[in-house]
Engineer: 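There's a structure below that I have some questions on.
The figures that follow rest on heavy atoms only: side chains count, while hydrogens, waters and symmetry mates do not. We name chains A, B, ... by the order of the sequence lines, and we start the count at 1 in each one.
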Protein chains: 2
Amino acid sequence: MEKRRDVFQAIADPTRREILCLIAKEPLNLNSIAENFDMSRPAISQHIKVLDESGLVAMRKKGRQRFCHIRPQKMKEVDRWLEQFRQLWEDRFSQLDQVLNNLKNQDNEE
Amino acid sequence: MEKRRDVFQAIADPTRREILCLIAKEPLNLNSIAENFDMSRPAISQHIKVLDESGLVAMRKKGRQRFCHIRPQKMKEVDRWLEQFRQLWEDRFSQLDQVLNNLKNQDNEE
DNA sequence: TATTTATGTAATCAAATACTTACATAAAAT
DNA sequence: ATTTTATGTAAGTATTTGATTACATAAATA
């Protein structure tokens with residue numbers, strides 16, 4: 001009965017992105033995570049719930065604590081989406097080149 | 001007086017991600033973009049405004065049309081953020097290995 | 001000049017977000 | 001058994017989001 005969440009929506013919030021950075025180094029329990037933010041514990045708890053539902057993190061119970069682990073495979077999904085744009089900035093036609101090129105094409109059209 | 005938008009918030013919406021895919025191939029004007037969606041033109045117009053404010057797209061006027069170009073350098077920002085996680089899935093300690101490893105460490109702790 | 005076309009903008013509105021405080025529960029420590 | 005600790009959950013709320021329809025404007029076209 002787990003609600004499914006969009007990965008992109010999950011990383012849209014800056015607090016959630018910070019949480020991901022924190023636990024990328026090492027798994028942390030909820031209170032340890034909350035200590036890093038100027039925000040109530042339930043607020044953090046809810047953010048983590050969103051991350052959990054998106055599949056970006058996995059929770060593991062250990063006694064009365066719950067550790068938050070990052071799930072690299074899910075992060076990779078974002079990377080795969082980016083893949084289709086990657087050549088745009090890796091090409092010789094990157095950035096300025098591309099802009100100038102587009103401008104030139106426009107002027108020539110029609 | 002341009003409002004500044006978060007790139008991650010901009011790509012959080014599926015419609016906006018689709019728009020980015022569309023214009024990655026070639027710049028399109030607003031109506032051409034709107035044709036691809038089952039949604040009113042003003043709705044698309046507002047989505048494009050968000051993309052514009054985030055810097056992910058640039059608008060170029062051409063007569064009474066406005067063409068929407070992708071800005072690869074801004075897409076790259078997302079890629080740079082992902083960078084810090086990339087080794088997590090490229091490592092020999094990826095996915096299952098990593099989970100098992102973390103579990104083992106947990107069991108040993110304390 | 002009048003009309004069509006491509007677009008912007010305003011007013012609305014329902015739903016989702018991101019918080020808060022207060023209370024509930026379950027495991028560990030006393 | 002009681003208390004403390006780590007966490008979940010509910011209720012309430014202000015703000016933001018994502019959409020709509022209706023109207024405005026500016027460039028191309030007849």
Engineer: Could you tell me whether the side chain of A:V57 reaches within less than 4.5 Å of the side chain of A:H69, counting heavy atoms only?
Structural biologist: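 A:H69 does not reach A:V57 side chain to side chain.
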Engineer: Rounded off to whole Å, could you give me the NZ-to-C1' distance for the A:K49 and D:dA6 pair?
Structural biologist: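 The answer, rounded to whole Å, is 17 Å.
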Engineer: What is the separation between atom CZ on B:R17 and atom C1' on D:dT17, rounded to the nearest whole Å?
Structural biologist: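 Answer to the nearest Å: 15 Å.
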Engineer: Hey, can you pull the donor-acceptor pairs under 3.5 Å for the side chains in residues 35-46 of chain B, sequence neighbours left out?
Structural biologist:
{"residue": "B:N36", "atom": "ND2", "partner": "B:S32", "partner atom": "O", "Å": "2.8"}
{"residue": "B:N36", "atom": "ND2", "partner": "B:I33", "partner atom": "O", "Å": "3.4"}
{"residue": "B:S40", "atom": "OG", "partner": "B:A43", "partner atom": "N", "Å": "3.3"}

Engineer: Is the distance from OP1 or OP2 of C:dT7 to the nearest side-chain N or O of B:N29 less than 4.0 Å?
Structural biologist: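 Checking B:N29 against C:dT7: at least one side-chain N or O falls below 4.0 Å of OP1 or OP2.
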Engineer: I need the CZ-C1' distance between B:F37 and D:dA19, as an integer number of Å.
Structural biologist: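 These atoms are roughly 14 Å apart.
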Engineer: Is there a donor and acceptor pair closer than 3.5 Å between the side chain of A:R64 and the base of D:dT7?
Structural biologist: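 No, no donor-acceptor pair under 3.5 Å.
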Engineer: Would the distance check show the side chain of A:R16 and the main-chain N or O of A:A10 forming a donor-acceptor pair, the cut-off being under 3.5 Å?
Structural biologist: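 Confirmed, A:R16 side chain pairs with A:A10 backbone.
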Engineer: How many whole angstroms separate atom CZ of B:R60 from atom P of D:dA27?
Structural biologist: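 About 16 Å, once rounded to whole Å.
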Engineer: Output the rounded distance in Å from CD (B:Q65) to C1' (D:dA26).
Structural biologist: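 Computing the B:Q65:CD to D:dA26:C1' distance gives 13 Å.
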Engineer: Does D:dT5 have its OP1 or OP2 closer than 4.0 Å to a side-chain nitrogen or oxygen of A:N31?
Structural biologist: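 For A:N31, the contact criterion (side-chain N or O under 4.0 Å from OP1 or OP2 of D:dT5) is not met.
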Engineer: How many angstroms lie between atom CE of A:M59 and atom CD1 of A:I48, to the nearest 0.5 angstrom?
Structural biologist: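 The CE atom of A:M59 sits 5.5 Å away from the CD1 atom of A:I48.
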Engineer: Would you find a donor on one side and an acceptor on the other, under 3.5 Å apart, between the side chain of A:Q84 and the backbone of A:W81?
Structural biologist: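 Checked: pair present.
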Engineer: Rounded to whole Å, how long is the line connecting atom CD of A:E35 with atom P of D:dT5?
Structural biologist: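 Distance, rounded to whole Å: 13 Å.
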Engineer: Please state how far atom NZ in A:K62 lies from atom C1' in C:dA28, giving the value in whole angstrom units.
Structural biologist: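 Going from A:K62 (NZ) to C:dA28 (C1'), I get 13 Å.
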Engineer: Could you encode protein contacts along nucleotides 14-23 of chain C as a string, one character per nucleotide from 5' to 3', using B for base contact, S for sugar-phosphate-only contact and - for no contact, with a heavy-atom cut-off of under 4.0 Å?
Structural biologist: ---SSBBBB-
Engineer: What is the distance, to the nearest angstrom, from the NZ atom on A:K61 to the C1' atom on D:dA6?
Structural biologist: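 After rounding, the gap between these two atoms is 11 Å.
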Engineer: Can you run down the side chain to side chain donor-acceptor pair (under 3.5 Å) pairs that involve residues 17-27 of chain B, sequence neighbours left out, and say none if there aren't any?
Structural biologist: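 For residues 17-27 of chain B: A:D6-B:R17.
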Engineer: CG of A:L56 to CE of A:M75: how many Å apart, nearest 0.5 Å?
Structural biologist: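 Going from CG on A:L56 over to CE on A:M75, the span is 6.0 Å.
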